[in-house]
Participant: 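This is the structure I want to talk about, given as structure tokens.
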Amino acid sequence: MSILCRAATGKSTKGNPLVFRLAHLSDPHLGPLPLMHSFREFALKRLIGGLSWQLKRRWRHYKDFADLIADDIKAQSPDHIAFTGDLVNIAAGYEFENGIKWMEKLANADAITFVPGNHDAYVTRPYAGGLEHLEPYMQGNMRTPKPVLVLGGTASFPFVRLKRNVALIALSTAVPQPLSSACGVLGEAQLDTLSEVLPDLHAKGYARIILIHHPPLAHQAPANRNLSDATELSRVLQQHGAELVLHGHNHTRTLEYLPSRNGEIPISGAPSASMKSIGLRTSAGWTMFSLEREQGRWQIAGQDYSLNAKTLKVEAGDPYKVSRE
Ligand SMILES: [Fe+2]
Ligand SMILES: [Fe+2]
């Protein structure tokens, strides 16, 4: 019986050693953000970002919502958590200190794989006291060719974490941007390494799950907030395949497919983990993916969890099939 059928018949996949349960969350943009912190570590972009928080973001992103989402994920005890960035807002030291406390309550560093978002690299800042806090969550356990040190630190990308028969492939798109840009960049070296790692992991039978903050397809974000080398990434994915791509940044649930040599690649976008539903933006939530290898192929099912802002309860959606034949 497939994992989707099991979920639909109410039988949980929890504790089933054949099913790997991967939780995906993104973009909590943890606050609050007192304006004085924007002055304390002064940078013009940070000051404007601090003002933007006071005027706009604090009415959209609620730390209490992020806490409820984290509690719900913990209660479901996934095998692993994929976190696709934008932990903070203006990359101030104070935000990273608070953010890491939130992450430590969620799970230990071995149980969360983190990739940084544009807000985690909002301005050029020292690695120490900033992204350094997240380094334990940005460590692989497989050697990769040509790893690239990013953001002036000692964490290198892509890194690969092997968990049972699942390979989490973490890419960094976080590069400090000019004032009006929220773009991301992978760069040639990360793309080259990805081209080598994907066929190798496929040959060994791993489910290849790519974690990236920015949406990977060129049409998924406007020019001032997209992935600059999305076309090059699509070329690599189409050539080598992947079982699933998880991203954040748009604060909206999406599921698209990219044709590849190994079949269609599901590309799943997460909502913000702290957001009140506004317009097209989805309310705070997360997704559980269940992965199982059946007759030599990976089958993936998804189930969305969304916060009801009135009842403050997290509600489960219907399970759905993610992988396509
Ligand atoms: Fe975000
Ligand atoms: Fe973002």
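Any value given below was found using the heavy atoms of this structure, including those in side chains, with hydrogens, waters and symmetry copies removed. We count ligands from 1, going down the list as the structure has it; atoms in each ligand are counted the same way.
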Participant: Taking the six-membered ring for Trp, are H61 and H251 closer than 6.0 Å centroid to centroid?
Facilitator: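 Yes; H251 has its ring centre under 6.0 Å from that of H61.
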Participant: Of all heavy-atom pairs between N262 and G241, which one has the smallest distance, and what is that distance?
Facilitator: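 It is OD1-CA, 3.7 Å.
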Participant: Kindly write out the residues that satisfy ring pair (Phe, Tyr, Trp, His ring centres under 6.0 Å) with H247, not counting sequence neighbours, or none if the list is empty.
Facilitator: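 Counting only residues at least two positions away or on another chain, H247 forms no ring pair (Phe, Tyr, Trp, His ring centres under 6.0 Å).
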Participant: Establish, from distance only, whether the side-chain atoms of N250 and R225 form a donor-acceptor pair under 3.5 Å.
Facilitator: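 There is such a pair (donor and acceptor under 3.5 Å, judged by atom type) between the side chains of N250 and R225.
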Participant: Under 2.8 Å from the Fe ion (ligand 1), which protein N, O or S atoms do you find? Ignore water molecules.
Facilitator: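 Under 2.8 Å from the Fe ion (ligand 1) - ignoring waters, which are not counted - the protein N, O or S atoms are D27 OD2, H29 NE2, D86 OD2, H251 NE2.
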Participant: Determine the interplanar angle of the H119 and Y122 rings, folded into 0 to 90°, and report it as parallel if under 30°, tilted if 30 to 60°, perpendicular if over 60°.
Facilitator: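 Because their plane-to-plane angle is under 30°, the rings of H119 and Y122 count as parallel.
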Participant: Please check if the distance between the ring centroids of F96 and Y94 is under 6.0 Å.
Facilitator: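 When the ring centroids of F96 and Y94 are compared, they turn out to be at least 6.0 Å apart.
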